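Basis for what follows: all heavy atoms, side chains included, without hydrogens, waters or symmetry-related copies. Here the structure is a predicted model, which is why all the values come from computation and not from measurement.
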Amino acid sequence: MSVQLLANIVIGLALVGFLAFRQATWQYLDPARIWRTPLIMAIIGVVVMAQTKATITTTDIVFLGIEALISVAVGLSMGSITTFRTVSTPDQKGRTLQSRTGWFGAGLWFVLIAVRVGLDVLGGHMGAHLLTSTGAVLLMLAINRAARALVLDQRIPNRASGMMVR
């Protein structure tokens, strides 16, 4: 196991653990931030992938496409199971709307990472080496977050209603 692969695994697990925790707990919802995070991760991911010296093969493209489809499906699921609530005590920015996907959403993160690791191993045996790059990891997470943001953007309830929406 290479040092880069080990570093990617540690970074990936730390990020997934952090995001899973955030999925399971109520978080104040900032509609602008739901798009900012995937945008930043995508830019960093593309820049890192562009600096990779590995040759991009058809196998890389196929596996990246499969991972992208899975990331989109999980992101759409996360967005659709998100629950909203309005709280009476606003945060420092005056926000009163909170959201979470609960432990099922956290579980989806672990499913996503397990599928990703499985595809990385299979792809590695088939000659797809770009999959294990930090850039590819960030890009797939960005795609997942963007799919979630797309659904959330359509589902954000009216803040004045005070209703919990599922």
To check you understand the geometry: which heavy-atom pair defines the closest contact between [X] and [Y], and what is its length?
X: Thr82; Y: Ser99; value: CG2-CB, 3.7 Å
X: Thr96; Y: Pro90; value: CG2-CB, 3.7 Å
X: Trp109; Y: Leu141; value: CZ3-CD2, 3.3 Å
X: Ala106; Y: Ala20; value: CB-O, 3.6 Å
X: Ser80; Y: Val151; value: N-CG1, 3.6 Å

Residues in side chain to side chain contact (heavy atoms under 4.5 Å, CB included) contact with [X], at least two apart in sequence or another chain:
X: Ile66; answer: Val62, Ile70, Leu119
X: Ile61; answer: Ile56
X: Val111; answer: Val115
X: Val46; answer: Leu139

- Which pairs pass side-chain hydrogen bond (donor to acceptor under 3.5 Å, both in side chains) with one or both residues in residues 137-148, sequence neighbours excluded?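 Qualifying pairs, neighbours excluded: none.
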- Mind jotting down which residue pairs meet the side-chain hydrogen bond (donor to acceptor under 3.5 Å, both in side chains) criterion with at least one end in residues 31-49? Sequence neighbours excluded, please.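 Listed once each, the pairs are Trp35-Asp153.
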With the 4.5 Å side-chain cut-off for hydrophobic clustering, are [X] and [Y] part of the same group?
X: Phe110; Y: Phe104; value: yes
X: Leu130; Y: Val47; value: no
X: Leu69; Y: Met140; value: no

- Which hydrophobic side chains are connected to Val10, either touching it within the sub-4.5 Å cutoff or through other members that do?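 So far as hydrophobic clustering goes, Val10 is joined with none.
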- Task: Starting from Val87, walk the hydrophobic network (Ile, Leu, Val, Met, Phe, Trp, Tyr; side-chain heavy atoms closer than 4.5 Å) and list everyone else you reach, by chain and number.
- Result: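 Grouped by the 4.5 Å side-chain rule, Tyr28 form the rest of the cluster around Val87.
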For the atom pair [atom1] ([X]) and [atom2] ([Y]), what is the distance rounded to the nearest 0.5 Å?
X: Leu64; Y: Asp60; atom1: CG; atom2: CG; answer: 6.0 Å
X: Thr57; Y: Phe63; atom1: OG1; atom2: CZ; answer: 9.5 Å
X: Arg100; Y: Phe84; atom1: CZ; atom2: CZ; answer: 13.0 Å

- Residue list, side-chain hydrogen bond (donor to acceptor under 3.5 Å, both in side chains) with Ser77, at least two apart or on another chain: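 Not a single residue meets the side-chain hydrogen bond (donor to acceptor under 3.5 Å, both in side chains) criterion with Ser77.
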- Item | side-chain hydrogen bond (donor to acceptor under 3.5 Å, both in side chains) against Thr25, all qualifying residues, sequence neighbours excluded |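 So Thr25 forms a side-chain hydrogen bond (donor to acceptor under 3.5 Å, both in side chains) with Gln27.
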- Item | Verdict with reasoning, Ile81 to Leu108, per side-chain contact (heavy atoms from CB on, under 4.5 Å) | CA-CA 11 Å; Ile81 66 170; Leu108 285 173; 4.1 Å; yes
- Message: Considering only residues two or more places apart or on different chains, which pairs with a residue in residues 116-131 satisfy salt bridge (charged side-chain N to carboxylate O under 4.0 Å, His left out)?
- Response: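 Only Glu67-Arg116, Arg116-Asp120 qualify under salt bridge (charged side-chain N to carboxylate O under 4.0 Å, His left out).
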